[in-house]
Structures are given as structure tokens and as C-alpha cells.
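I have placed the structure first, in the form of C-alpha cells, so that the comments after it can refer back to it.
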There are 2 protein chains.
Amino acid sequence: MAKEKARDLRAGVALLWGEQDRPTRGPKPSLTPGRIAEAAVALADAEGLDAVSMSKVGAEFGVSAMALYRYVPGKAELVELMVESVLAEAPDLSTAGPGWRRQTVEWARCSERVHRAHPWLLAATAMRRQLMGPHQLGWLEAALTALAPTGLTAAQQHRVFVLVAGFVRTHVQQLVDFDEEHSREWGLLTAELLARHAERFPALTAALEAGAFAPETADPDAADSLRFGLDRILDGVQLLIDRGH
Amino acid sequence: MAKEKARDLRAGVALLWGEQDRPTRGPKPSLTPGRIAEAAVALADAEGLDAVSMSKVGAEFGVSAMALYRYVPGKAELVELMVESVLAEAPDLSTAGPGWRRQTVEWARCSERVHRAHPWLLAATAMRRQLMGPHQLGWLEAALTALAPTGLTAAQQHRVFVLVAGFVRTHVQQLVDFDEEHSREWGLLTAELLARHAERFPALTAALEAGAFAPETADPDAADSLRFGLDRILDGVQLLIDRGH
DNA sequence: CCCAAACTGTTTACGTCATCAGCAGTTGCT
DNA sequence: AGCAACTGCTGATGACGTAAACAGTTTGGG
């Protein structure tokens, strides 16, 4: 079983890096993993990740579900290809000018942009096994390049990267599953229940009265909440840099 | 459809708060939503969230899948109940002593502990619609209580909470899907490919050589990586507090 | 006191999904 | 020419969530 896993992994990595030998015999393949992934991405963009089934992707090419298995080992690998497809162009941080901080902010903005353009990306990267293809590594490369001048150790740089990337994820998560009507409805119902249990939740009641969850502030789009978290994090990182070890 | 949604939501909220009128007629119910949720939690703890199906949970009580629908509107609501069940006891931050920072760290530790005890919690809260029951609100209450003395505005406190809670999530995510053998295998394969494309990934190659991804540092358990991120974040928050607005 | 209403849990069925096994047709190397 | 390698297909399997209809049980209203 360990061997099976290893072979699966090897095949998956080869697929991600596009390093597989093309066969010469037999009918010409009508598809490629790349085109399949693109179709799946289009489908996910339009109808969500749940709508991405082998049948539906196949139908996009007028082909049965099983035909896809000639190009892709299984659905998990297809999702990995989708992620790679969407991360194709690594961010260009040079436009942000010099300075690790400006460039890191730019990296976060680019990441946010991709996630907002493809909301299923969050779920896709959450479910996947830890496998990074070349495009994903390109994003990591860009971030590490931005962090290089900080003088932090390699391990620290990596940790800062994880911190920032994780923050973008949670930030986008909130953007994505924010639903105006749903949220307001829940707010009303909960406010009522909260009032009935005010003694159990004094701080919460106070915050509610102070408007901490008022629509303007609850709507994550307002006031650029990416900046708030990012500024806190990068302030903290700056302190670490200044401290000099 | 809006009406349907609203009714669903109302029912869901009532379920979470345990505010539903018990019927008098008919056979005595043999189950309760709470007991069902507990069984589902046990199942998820043992075999993962994917193993939680209506059949299997029903089987835990020697009952068919459909029987559960007498207690729970559907699977989504069952998952919500599972989350509530696991968050039953809100964290006690007073043991950490005084000071917003110590208490916030303690909150994060408690949250980490729960997530590690129930690894499926991440996936469960990721998939759910934004619905918080009383126990989840209890955790929020605890955090806001800790943050109250900071002098930050209610909206800022809320944002700091989101920041910290999100960080714990991503941190635990890493802990959870870290797999020794899998990770090493991927590392080997990727290192090989990386070497072959070293010119495309100079920073990455340098970081690799500097040991940024060496097992000791790659293993997120080592060196308390919760502290690293949390310290950066809270340093940044401290600056915000000092700045006085 | 009795019966209809309310409630329980069951079986059956439907549609969807990923994936396995086997088949028929196509291509190109030897 | 013939065989091996390859394509895409059909059909089947077992899992899932849940809708519908039904049989059995309890109890309040008459």
C-alpha cells in the first residue's frame, strides 16, 4: 500500500509538471490534461466546485466520464490540475516598487484577486493532499524573493510566508461565504436570542450595541479588511526584523 | 425560495439553541439531536468526517438512515450540531492570568487543542453556512472579553478576533494534513525537479539549501509554530493599541 | 372510552457520484 | 501483416442524501 501511494504520488507529480511521455501508437488523443483542467475551471467558475463531476467535464467535450480517466488518474488529480491552471501566471511584485513590505502586500493582493476570481480555489486547496506543482511553487518563489532582503533566516521567511498566505485564505473565506440576505436574517434571529440570554454574553451584547457587527463593518468588503489584518501581521514582522534575530 | 431559505434558517437556529417544542402525542422519541450529534462526533473522531453518513450514524443507534430526519432537517444541520457539540465548554481564560495578550494566547491554545482533538472540525466549519450557535458564540464571548481592556473599538476588537481565529485555523490546517512519509516523498520528488529547474526558482532553491524545509522545521510540531505566528500578530496588535486609535 | 390526529421508524425509490472491468475500434512499429 | 498500444465507450457497482409512502404507537379531544 505504501508502494501504491508512492506510485500514485509519482504519477501525480509527473502530471503536474507535465512530464509524461507521449505515446506514439494508437489513435491521437483528442484531449490533454491541460484542456480538461481548463474546462473544469470554467465549470467551477460558473457553477461552483460541486458542479465539477467527471460526467459534466466530459460533457464539455462531448465525451463520456470514463474518457477522462485516460488523461487523469482520478478526480483528486484533476482538482490539483485546476489549481495549477489557475495559478499559471505568478504575481509580478516589481510593480509595487522596492521594499519587502510593499511587495508582500502586493503578493497578498494578487493572491486575493485570484481567490476572488475563482472562489472554489479555497475549497480546492483545502481538500487537496499537500502537493505543489510548478505554478504553485512560482507563487512561493515570488514571496520568498520579496522576503529575502529582510535578513530573516530561511526558516523565518518560510514561516512569514505561511502566515501571510494563511491570512489571505481566511480573509477570502470570509468574503466568499458572506451573503447579504442570509447574514442579515441570521443577525436578526441571533440578536433576538442573544437579548434573551444577555447575561450569558455580556461582552457580545456590548459589542453588538457598539455596532461591531453592524452591516457596514460586518460587510467584509468595506474598509479593506485585508489591509487591517495584513498591517498587523507585517507590523509584527517588522519588529522581528528590527530586533535583528 | 427566499421564504424557504428563511424557514430553513429559522429551523436551524432553533435546533442549535435547543428551542423546539416537544410533541406530546405519538411514541416517545428514542433519540435527541444532541445524542445524534455526539454519535456523529465519535464517528468523525474515529474515521474522519467523510465517514459520517446518515446510514452510519443511524447504525450507531441500530436505526435506519431515514430515522434521523425526524430529529435533524438534513446533513448540513447535523454537521452544525457536531460543531456545537464539540465547542460545548467555552475556554476559561482566567487561568492565564491578567492581560489581554496572555488571555488571547490562551484562547488560541484552547482553540488549537479542540481542533487537534477533532481534526474534522476544520472541514466542518469550512463547509458550513455562516451560522453560530450558542456554544460558538461562547468562544467569541470569551475572546471579546479578553480584548475588552485593550481600549480598541468594538469593530477593531472584532477584527482582531477574526485575525487570531483565522490564524489558529490555518495553523491547525498545517498540523492536520502533515503526513511524515507523504511529505518526505513529495519533498524528494520535488527537490529533484526543482534542481532541474533551478534557474526558474532561485529563491526557492536557496531556501531549500538553507534548510528552510528541512524536516525539523518543516514538521510544524517542532518549535511551537503557533507561537511564532501568534507573536507576530499580537506584536502588531500591541502597536495598534499603543498608537491609541 | 374511543378514535382520529400526531408522531415514530421503515422500506422503496430516485438521482448523482467516482470508479472498475471489459469491449470495440484505431493506429503505427516491426 | 499482425500485434501491441492506445482511444473512447457501455455497463455495473456501491456509496451517498433525501423524497414519498406506509405501518405501527401513543394520546388528547369528543
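Chain letters run A, B, ... following the sequence lines, proteins first and then strands; every chain starts at 1. Here the structure is a predicted model, which is why all the values come from computation and not from measurement.
The side chain of B:Lys56 places an N or O atom within less than 4.0 Å of a non-bridging phosphate oxygen (OP1 or OP2) of D:dC16. OP1 or OP2 of C:dG28 has not a single side-chain nitrogen or oxygen of A:Thr24 nearer than 4.0 Å. Regarding contacts with the backbone of D:dG8, a side-chain N or O of A:Ser30 is found under 4.0 angstrom from either OP1 or OP2.
Residue-level contact check: A:Ser64 touches the bases, meaning some heavy atom is under 4.0 Å from a base atom. Residue A:Val52 is in sugar-phosphate contact alone, with no base atom involved, counting any heavy-atom pair closer than 4.0 Å across all strands shown. At a threshold of 4.0 angstrom between heavy atoms, the contacts of B:Ala67 include nucleobase atoms, whether or not backbone atoms are also involved.
When atom types are taken as modelled, the side chain of B:Gln20 and the backbone of B:Leu15 share no donor-acceptor pair closer than 3.5 angstrom. A:Tyr71 contributes no side-chain N or O that, together with a main-chain N or O of A:Ile36, makes up a donor-acceptor pair within less than 3.5 Å. When atom types are taken as modelled, the side chain of A:Thr125 and the backbone of A:Leu122 share a donor-acceptor pair closer than 3.5 angstrom.
For the pair A:Gln20 CD and D:dA5 C1', the computed distance is 16 Å after rounding to whole Å. Between B:Leu78 atom CG and D:dC16 atom P there is a gap of 14 Å when expressed in whole angstrom units. Between the CZ atom of A:Phe61 and the P atom of D:dG8 there is a distance of 11 Å, given to the nearest Å. Here D:dA19 presents its P atom at 7 Å from OH of B:Tyr69, a figure rounded to the nearest Å. Between A:Leu31 atom CG and D:dT7 atom C1' there is a gap of 10 Å when expressed in whole angstrom units. Whole-Å rounding puts the B:Lys75 NZ to D:dA15 C1' distance at 11 Å. A straight line from CD of A:Glu77 to P of C:dT19 spans 8 Å, rounded to a whole angstrom. Atom CE in B:Met54 sits roughly 19 Å away from atom C1' in D:dG14 (whole-Å rounding).
Note: A:His197 and B:Trp17 have tilted aromatic rings, judged against thresholds of 30 and 60 degrees for the angle between ring planes.
The residue among A:Arg70 and B:Arg70 whose nearest nucleotide of DNA chain D lies closer to the 5′ end is A:Arg70. Of the two residues near DNA chain C, B:Met66 and B:Arg22, the one whose nearest nucleotide lies more 5' is B:Arg22. Along DNA chain D, the nucleotide nearest A:Arg25 and the nucleotide nearest B:Pro73 are compared for position; the residue whose nucleotide lies closer to the 5' end is A:Arg25.
Comparing atom distances between the A:Pro27 side chain and each of D:dT25, C:dT26, C:dT10 picks out C:dT26 as nearest.
Other residues, nucleotides and ligands contribute over 12 non-hydrogen atoms within 6.0 Å of the CG atom of A:Asp92.
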